[in-house]
Amino acid sequence: MASLRLETLRKEFDRGQIVAVDGLDLDIEDGEFVTLVGPSGCGKTTTLRMIAGLESATDGHIYIGDEDVTDVHAKNRDVAMVFQNYALYPHKTVEQNMGFGLRMSTDLSKDERHEKVYEAAEMMGIEDLLGDKPDELSGGQKQRVALGRAIVREPDIFLFDEPLSNLDAKLRTTMRTEIQRIQQELGITSVYVTHDQEEAMTMGDRIVILRDGELQQMGAPTNVYEQPVNSFVGGFIGSPSMNFIDVRARRDGDAVVLEDDHGAFSCRLAPSFADRIENTDAAFTIGIRPEDIFPAAESDRNALSATVEVVEPIGSDNYLYLDLAPDFIARVDSDIEPAPGETIRITFDEDDLHVFDGETGDVVGEGETVAEKASV
Ligand code: ATP
């Protein structure tokens, strides 16, 4: 087991025309489970492949424990990678697939190898399949074999590249729990790539959000959810997505009023909150999560009128699409069922408002810069 550190890691393709990973700094503790998430093409897989040694770094360093492995060949790095497509040898049995790495890289006897493979197979619940070939297995079973093969190696680091993407939703949930259980049991430092923010949130001790090869934020899932450092992270994390409204600010006594151009949104901020707004001439974007919106009571200070466009029941809750902005959703209890076209009054807690710079998208105020937050 070991910690993993990436230091200003960079990867260029096509003679520098494509920058897949752009100066990435990450510090992952020994035994930690970190998920790497971001939209397609943001550099997740390239980062993982550089850690594994399957791709060389253009610049920067990779440390496993105290060792700088940047230029160490893949086969000499103590990492095991699990791929989306399982990458099993079709003509070998499950046992041969799982034991192949041991045969190549250790001088264990046949019996010792069998014992280790059997132990890992038991852990994955596939000990009855050891004599089968991959084409006799279901997708879920194949991925268990691939996981078992990684476990057998007893590596310093597990790398997972979207390992559950080929499985159906129910199996994916089961396998998520399995992977977490095994990772905790073995305590092996793990980096798990996914484009599914829910998977990233539920599995990771910490979550890393990438965009265009650059680190946006790293933190505990709740920290990232509650305090996104910019509107990109705010919009990417959480489902349904955070709602955004472009607003202008105006001082009114010692308070600040935020208003959109259409007169649909107006919110009077208390003086304590208003301190965050230094320059009222600037443009801002308000972010508010669907689950932070409630039907308003008469006495609520920041109540808004909105027309319901669509009501989408999801069982436990209803999603109300409101005309405040495009795709503006309020997630309310299922017993709140306004008719489409009806005008309702909604409100929110001021503390749940996220205020972003209208130009840069960076969160406004809160005394921290993006760079500081990224390293939390
Ligand atoms: P996805 O979720 O779609 O797999 P990703 O976040 O894993 O995306 P990468 O596969 O790391 O993204 O790709 C990052 C960028 O680097 C993309 O623009 C991609 O087209 C480019 N890229 C990746 N591998 C190569 C390569 N071998 N040659 C040229 N460009 C590449």
Side-chain angles (χ1 to χ4, degrees), residues 22-27 34-39 42 197-198 200-201 204 206-251 255-261 265-293 302 304 324-331 347-376:
D22 193 0
L24 187 58
D25 287 307
L26 288 184
D27 236 324
V34 165
T35 49
L36 221 59
V37 70
C42 72
Q197 61 87 27
E198 188 188 317
M201 291 286 281
R206 283 192 299 167
I207 166 171
V208 172
I209 298 123
L210 294 180
R211 179 195 199 185
D212 296 337
E214 289 183 28
L215 174 67
Q216 301 294 299
Q217 191 166 5
M218 178 173 194
T222 41
N223 167 256
V224 170
Y225 171 85
E226 285 171 5
Q227 296 180 300
V229 295
N230 57 35
S231 53
F232 172 78
V233 173
F236 194 78
I237 299 298
S239 177
S241 290
M242 180 181 272
N243 299 301
F244 294 109
I245 299 182
D246 293 329
V247 292
R248 294 261 162 203
R250 125 176 108 75
R251 289 212 178 271
V256 164
V257 180
L258 298 176
E259 290 165 326
D260 70 355
D261 286 344
F265 182 90
S266 172
C267 168
R268 190 184 172 80
L269 301 177
S272 60
F273 195 105
D275 287 347
R276 293 197 211 167
I277 313 277
E278 279 173 11
N279 175 12
T280 42
D281 292 335
F284 298 96
T285 302
I286 288 286
I288 181 146
R289 296 200 179 278
E291 51 275 31
D292 292 332
I293 298 170
N302 279 320
L304 299 171
L324 289 172
D327 292 322
F328 190 104
I329 298 178
R331 181 176 183 156
T347 189
F348 43 82
D349 193 331
E350 222 168 75
D351 291 339
D352 292 329
L353 274 192
H354 303 265
V355 184
F356 302 107
D357 184 302
E359 296 286 323
T360 64
D362 291 342
V363 75
V364 170
E366 299 184 6
E368 281 170 294
T369 64
V370 174
E372 281 166 346
K373 277 211 165 176
S375 63
V376 168

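Remember, it's a predicted structure, so these values are computed and weren't measured experimentally.
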Atom pair [atom1]/[atom2] of [X] and [Y] - distance to nearest 0.5 Å:
{"X": "L36", "Y": "R206", "atom1": "CG", "atom2": "CZ", "result": "12.0 Å"}
{"X": "S231", "Y": "H354", "atom1": "OG", "atom2": "NE2", "result": "11.5 Å"}
{"X": "I329", "Y": "R289", "atom1": "CD1", "atom2": "CZ", "result": "12.5 Å"}
{"X": "N243", "Y": "F265", "atom1": "CG", "atom2": "CZ", "result": "10.5 Å"}
{"X": "L324", "Y": "I288", "atom1": "CG", "atom2": "CD1", "result": "10.0 Å"}
{"X": "R211", "Y": "N230", "atom1": "CZ", "atom2": "CG", "result": "7.0 Å"}

Do the non-hydrogen side-chain atoms of [X] and [Y] ever get within less than 4.5 Å of each other?
{"X": "M218", "Y": "V34", "answer": "yes"}
{"X": "V257", "Y": "S266", "answer": "yes"}
{"X": "C267", "Y": "L353", "answer": "yes"}
{"X": "V247", "Y": "E259", "answer": "no"}

Taking all non-hydrogen atoms of both residues, which atom of [X] and which atom of [Y] are closest, and how far apart?
{"X": "V256", "Y": "A249", "result": "CG1-CB, 4.1 Å"}
{"X": "I245", "Y": "A325", "result": "CG1-CB, 4.1 Å"}
{"X": "A330", "Y": "I293", "result": "CB-CG2, 3.8 Å"}
{"X": "V233", "Y": "P228", "result": "CG1-CB, 3.9 Å"}

**Report entry** Partners meeting ring-ring contact (aromatic ring centres under 6.0 Å, His included) with F236 (sequence neighbours left out)
**Finding:**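 ring-ring contact (aromatic ring centres under 6.0 Å, His included) check on F236 returns F232.
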Report task. Applying side chain to side chain contact (heavy atoms under 4.5 Å, CB included) between Q217 and each of L210, N223, V208, I207, report the one that passes. Result -> N223
Requested in this report: Output all residues satisfying salt bridge (charged side-chain N to carboxylate O under 4.0 Å, His left out) with D292, sequence neighbours left out; order by chain, then residue number.
Outcome: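 Checked D292 against salt bridge (charged side-chain N to carboxylate O under 4.0 Å, His left out); zero matches.
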Say whether, by atom type as modelled, one donor and one acceptor occur between the side chain of [X] and the main chain of [Y] under 3.5 angstrom.
{"X": "D357", "Y": "D362", "value": "no"}
{"X": "D260", "Y": "D246", "value": "no"}
{"X": "Q197", "Y": "G238", "value": "yes"}
{"X": "S241", "Y": "G235", "value": "yes"}

Query raised in the report: Counting only heavy atoms not in D349, do more than 12 sit closer than 6.0 Å to its CG atom?
Result: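 Yes, the 6.0 Å shell around CG holds more than 12 heavy atoms from other groups.
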